[in-house]
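Notes follow the structure.
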Amino acid sequence: KNLHAEASGKSFEQLAEAARTDWNSELEHFEIEGTPDQKAMFYTSLYHTMINPSVYMDVDGSYRGLDHNIHRAEGFTNYTIFSLWDTYRAEHPLLMLMKPNEATDMVKSMIKHQQQSVHGLLPVWSHMANDNWCMSGYHSTSVLTDAITKGADVNKEEALKAMVVTSNVSYYDGIGDYIKLGYVPFDVNGTAASTTLEYAYDDWAIYKLGKALGKPESEIAVFAKHAMNYKNLFDPETKLMRGRNEDGSFQSPFNPLKWGDAFTEGNSWHYTWSVFHDPQGLIDLMGGKTGFNAMMDSVFNVPPLFDDSYYGGVIHEIREMQIMNMGNYAHGNQPIQHMIYLYNYSGEPWKAQYWVREVMDKLYFATPDGYCGDEDNGQTSAWYVFSALGFYPVCPGTDQYILGSPLFKSVTLNLENGKKVVIKANNNGEANRYISSMKVNGKNYTKNYLIHGDLMRGMNILYNMSATPNKSRGTQDSDAPYSFSNELGK
Ligand code: CA
């Protein structure tokens, strides 16, 4: 039936031509003025962002659900391949910006998954009527809140209920201990610290949606409290996140460069920045902006350990970090990919502009080995697509995109609603990577972030680029992007 519907009566050449036309019409959502290499890299990345998630149903809407019964998708297209530990960061937000109808159907698919789950869990890694439980966190909560914040037309009460139920499955990956102690204990769970940081952000996403739906504090205050659980792991001595044991003591011995231990696929230097929803809170923990910026700078200076025994063997992510030559900035794996943008919260946005261009220029090539690690279902590509445009969604669930450094002289985004976002960068070039000033819709713009709703209404963004940083632009507290601490007035 599928073959008949999609291919009946058509030759191979006709089908190939139809596929070519489909791909071109997708890629044409971005019109770029750049070098041939830049275009090849950009469109290759764009292509990667549109392979997965993938449609998972027959032409009549029937599909095998997580409960292994046959369901029918009514009023939506069912999707699978949700590699959420990777893709909540930028892949899903990119789809929500450029393909909101499909992104909305993905959210509906996630809610169905939760309703079909014997555990009542939203997808962790949805894999064709299964969950393969790969990696950690319940990052569907991030995707749901982000989509709803940006206008996805879904059943919001069902979404919130799915999120709340998920966060209370006490036997899943340390959740019971996390609820009891405020962290997943290191002596009980092998990925305790990274999982705690991820749950804290995921719980912020639940709070955010509950608040948006007008739920009483008595129902949602617990999630606001959990959103601050990252503080339970902060070690004032090293100014880094550190595993904590069930009795409250910190993990000891502790080597912040060592991969593994309390962190999955990374070390403390990579994960300390995983406070997407509250960079200001992290700045405060590190003693203010000066201390925070010094720690940020150190990420690029602290050389990676070359002791290959510390993860029980060399995983490819370790080898990739060693050969990238950016200290402990391990862009080949996902946990650190938002970190550069945090300079926008700490009064030194020009450092984000410098480093984001270093990564685009030195770690992305349109060659068979052109990615610096696993591409991972669109995430590492979505990082590039956003970064090349000049902004990135550090905290999905807010409506903000945080500024970096635009790669092209000009880009036009043709949005699904018919509006256009026109981005121009005067005097742009490899050395001229700093934003000296910018205008939005003709008016001088000092903030370090753009707002989703403004983009959707159509927008003209004009960057004036320079080879020397403007150290007075975007440095006021009022220019900094969202932090939960600021929302709470703490
Ligand atoms: Ca990865």
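For ligands, and for the atoms within them, numbers begin at 1 and follow the listed sequence. As the structure is a computational prediction, the values presented were derived from the model and not from experiment. Start at 1 with the first residue, then count along the sequence. Just the heavy atoms: all of them, side chains too, but no hydrogens, waters or symmetry mates, feed the values below.
At least one N, O or S atom of Asn333 sits under 3.0 Å from the Ca ion (ligand 1). With 3.0 Å as the limit, Gln334 counts as an N, O or S neighbour of the Ca ion (ligand 1).
Aromatic ring centres of Tyr172 and Trp133: separated by under 6.0 Å.
When Phe76, Tyr63, Tyr79 are each tested for a side chain to side chain contact (heavy atoms under 4.5 Å, CB included) with Met57, only one passes: Tyr63.
At least one test fails for Arg244 against the ring of Phe186: distance under 6.0 Å to the centre or angle within 45° of the axis. Stacking of Arg433 on the aromatic ring of Tyr354 is recorded, both the 6.0 Å distance cut-off and the 45° axial limit being met.
The closest approach of Asp376 to the Ca ion (ligand 1), by N/O/S atoms, is made by OD2.
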